[in-house]
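Only one structure is covered here, and it is reproduced in the block below.
Note that ligands are numbered from 1 as they come in the structure, with each ligand's atoms numbered from 1 the same way. The figures that follow rest on heavy atoms only: side chains count, while hydrogens, waters and symmetry mates do not.
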Amino acid sequence: MKITNAYVHITSPGRNFVTLKVETDAGLYGLGDGTLNGRELAVASYLTDHLVPCLIGRDPFQSEDIWQYFYRGAYWRRGPVTMAAIGAIDVALWDIKGKALNTPVYNLLGGKSREGVMVYAHANGKDIDHALEDVAHHKELGYKAIRVQSGFPGLASTYGVPKGPGRYEPAERGLPPEYDWATEPYLRHVPRLFARVREQFGEELHLLHDCHHRLTPIEAARLGKELEPFHLFWLEDPTPAELQDGFRIIREHTTTPIAVGEVFNSVWDAHDLVRNQWIDYLRMTITHGGGITAIKKAADFAGMYHVRTGFHGPTDLSPVCMAAALHFDTAIHNFGIQEHMAHTDETDAVFPHQYFFKDGYMFPGDGPGLGVDLDEARAKKYPYQRAYLPVNRKLDGTLTDW
Ligand code: GCO
Ligand code: MG
């Protein structure tokens, strides 16, 4: 089989998605997600202008060699744009292989290690009472694991909490919005939030919280320690992870499990974190981490150090990435949990898919390949719209991590 062509489709059914469609001379095609929130066109150009011309004529079964060709062969390695582009190609090749062999992708990765994949939902509210209502709502929907974020006194709005009615969506159309940040009231607030959640919902529910890279290691250590009585499933992105050594400080002070990696794009970003056992869950996604080929190696490496996967699954990764993640989660041994932010109805209609949610678990479906498609006619109705993630400033105006 030979690859005959590959096209990038950009569509914006509420938010932007970059999809690669790889076609073959066997009449089969595969899909890959290359969405990088706020930097979509850079990935599209990297694919169209640099990678696709080198892809035509290759055998889609040779996914390992093709991955190495684009990673090792490029000389300029890594980075989110490069790796999302390689990831889109790689996922499309696994989709083609599954279709050609008439089997779901999870069978190419070792077969089912579990029937369903435990997912966590997002509950949030402008204050603790509203957050508790949203936890109750998600519990009723069947979720066994819930991430809880809430606004707190002293700041008009914060990460994870919608400003108006409707679900939380981080990117905004136009130029980047600016938000305020204050660490001290946040640190006082979060233990109160989780005390109330445990008081109302008991011990059974798995609880998660995302710090979104806003603390220093010692601040994160304090928070992790104060959250210990509430037995979190994980505390996410407690501190920016460029300095992997910072996690040593957190680990020395608290037994609250730590998750990190949604902005990683290479196993090397997590090398020290994993081999020193400073983290418990690796969140690097299939799209941003360079595809199934790369993430399989990262997950196997993590497994040797008792680190499990907990893939990022926000609305800014398309249903193509979600499908790939669910096949992967179903197959690997050291799966931990999968994030699930439900897409809008418009997005689901542009990307018809077999995967589904039931009683707190998601299932990839048993059709060949990834079991996800792109409705091109519908996609064309939603042209690209420039949008950015917010930037953050401390109350004195200093730029800080968002
Ligand atoms: C999460 C994430 C997202 C990111 C978003 C950025 O845990 O789901 O932190 O909400 O902010 O994916 O594009
Ligand atoms: Mg996060």
Side-chain angles (χ1 to χ4, degrees), residues 12 14-18 33-43 80-81 83-84 87 119-124 134 138 143 145-151 157-163 166-173 176-177 179 181 186 190 206-215 220 223 232-241 257-265 269-270 273 279-289 309-319 321-322 325 336-344 347 362 385-392 400-402:
S12 194
R15 62 159 339 289
N16 296 315
F17 296 107
V18 176
D33 179 24
T35 308
L36 185 62
N37 204 356
R39 297 291 185 271
E40 296 87 359
L41 301 185
V43 182
V81 173
M83 298 308 281
V119 292
Y120 71 89
H122 289 195
N124 46 49
D134 210 26
H138 284 92
Y143 286 97
I146 302 182
R147 186 188 95 161
V148 193
Q149 312 285 136
S150 94
S157 59
T158 189
Y159 165 76
V161 180
K163 277 191 295 185
R167 305 303 303 170
Y168 176 69
E169 170 58 54
E172 292 184 30
R173 287 180 172 164
Y179 288 111
W181 177 249
Y186 168 79
V190 179
H206 297 300
L207 299 177
L208 302 86
H209 182 73
D210 191 348
C211 299
H212 222 263
H213 326 268
R214 284 162 192 215
L215 304 176
L223 183 61
L232 262 57
F233 188 96
W234 81 34
L235 187 65
E236 176 180 332
D237 287 336
T239 194
I258 303 296
V260 72
E262 64 180 50
V263 298
F264 293 176
N265 51 72
D269 292 331
L273 295 174
I279 61 167
D280 302 278
Y281 296 92
L282 185 59
R283 285 176 48 69
M284 184 168 56
T285 55
I286 288 181
T287 291
H288 299 147
T309 62
F311 292 150
H312 193 202
T315 42
D316 46 84
L317 289 161
S318 88
C321 182
M322 180 52 98
I337 199 166
Q338 168 69 49
E339 182 177 11
H340 179 221
M341 258 177 105
H343 287 110
T344 60
T347 300
M362 283 179 83
Q385 306 225 11
R386 177 168 290 115
Y388 290 94
L389 289 169
V391 295
N392 231 4
T400 187
D401 303 88
W402 174 70

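For ligand 1, none of its N or O atoms has an N or O atom of Y168 under 3.5 Å away. Not a single N or O atom of Y120, backbone or side chain, sits closer than 3.5 Å to an N or O atom of ligand 1. At a 3.5 angstrom cut-off on N or O pairs, W402 does not count as close to ligand 1.
In this structure, R173 places its CZ atom where more than 12 heavy-atom neighbours from other residues, nucleotides or ligands lie under 6.0 Å away.
Closest to atom 11 (O) of ligand 1 among all protein heavy atoms lies H212 NE2, 2.7 Å. For atom 10 (O) of ligand 1, the nearest non-hydrogen atom of the protein is Y159 OH, 2.8 Å. Protein heavy atom at the shortest distance from atom 7 (O) of ligand 1 is E236 OE2, 2.8 Å. Regarding atom 13 (O) of ligand 1, its nearest protein heavy-atom neighbour is N37 ND2, 2.9 Å. In terms of protein heavy-atom proximity, atom 5 (C) of ligand 1 is nearest to D316 OD2, 3.3 Å.
Listed for the H122 side chain is no donor-acceptor partner under 3.5 Å among the backbone atoms of R147. Of the possible donor and acceptor atoms, none in the side chain of D280 sits under 3.5 Å from a partner among the backbone N and O of A259. Although no hydrogens or angles enter the test, the distance criterion places a donor-acceptor pair under 3.5 Å between the side chain of Q149 and the main chain of D210. The closest donor-acceptor contact from the side chain of N392 to the backbone of D401 lies under 3.5 Å.
Remark: R386 is not positioned above the aromatic ring of Y388, lacking an NZ or CZ atom under 6.0 angstrom from the ring centre and at most 45 degrees off the axis.
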Q.
Set out, in order, the CA-CA distance, both residues' side-chain angles and the distance that settles side chain to side chain contact (heavy atoms under 4.5 Å, CB included) for V260 and D237, then state yes or no.
A. CA-CA 5 Å; V260 72; D237 287 336; 3.3 Å; yes
Q. Do Y186 and Y159 pass the side chain to side chain contact (heavy atoms under 4.5 Å, CB included) test, and can you show the C-alpha distance, the side-chain angles, and the key distance before you say yes or no?
A. CA-CA 11 Å; Y186 168 79; Y159 165 76; over 6 Å; no
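When the Mg ion (ligand 2) is compared with the N/O/S atoms of D210, atom OD2 turns out nearest.
Residue contacts with ligand 1 for D237 are absent, since no atom lies close enough (heavy atoms, distance under 4.0 Å).
Short contacts between ligand 1 and R147, defined as distances under 4.0 Å to a heavy atom of the residue, involve ligand atoms 1 (C), 7 (O), 8 (O). Within ligand 1, counting atoms from 1 as listed, the ones closer than 4.0 Å to a heavy atom of L389 are 6 (C), 13 (O). Distances below 4.0 Å separate heavy atoms of H312 from the following atoms of ligand 1: 1 (C), 2 (C), 3 (C), 4 (C), 8 (O), 12 (O).
Distances from atom 8 (O) of ligand 1 to the heavy atoms of E262, R283, E339 show the closest one on E339.
For the side-chain contact (heavy atoms from CB on, under 4.5 Å) with V43, the lone residue among T35, T287, L36 that qualifies is L36.
When rounded to 10 degrees, the angle formed at the Mg ion (ligand 2) by OE2 (E236) and OE1 (E262) equals 90°.
Taking each heavy atom of N37 and P170 in turn, the nearest pair found is ND2-CG, 4.4 Å.
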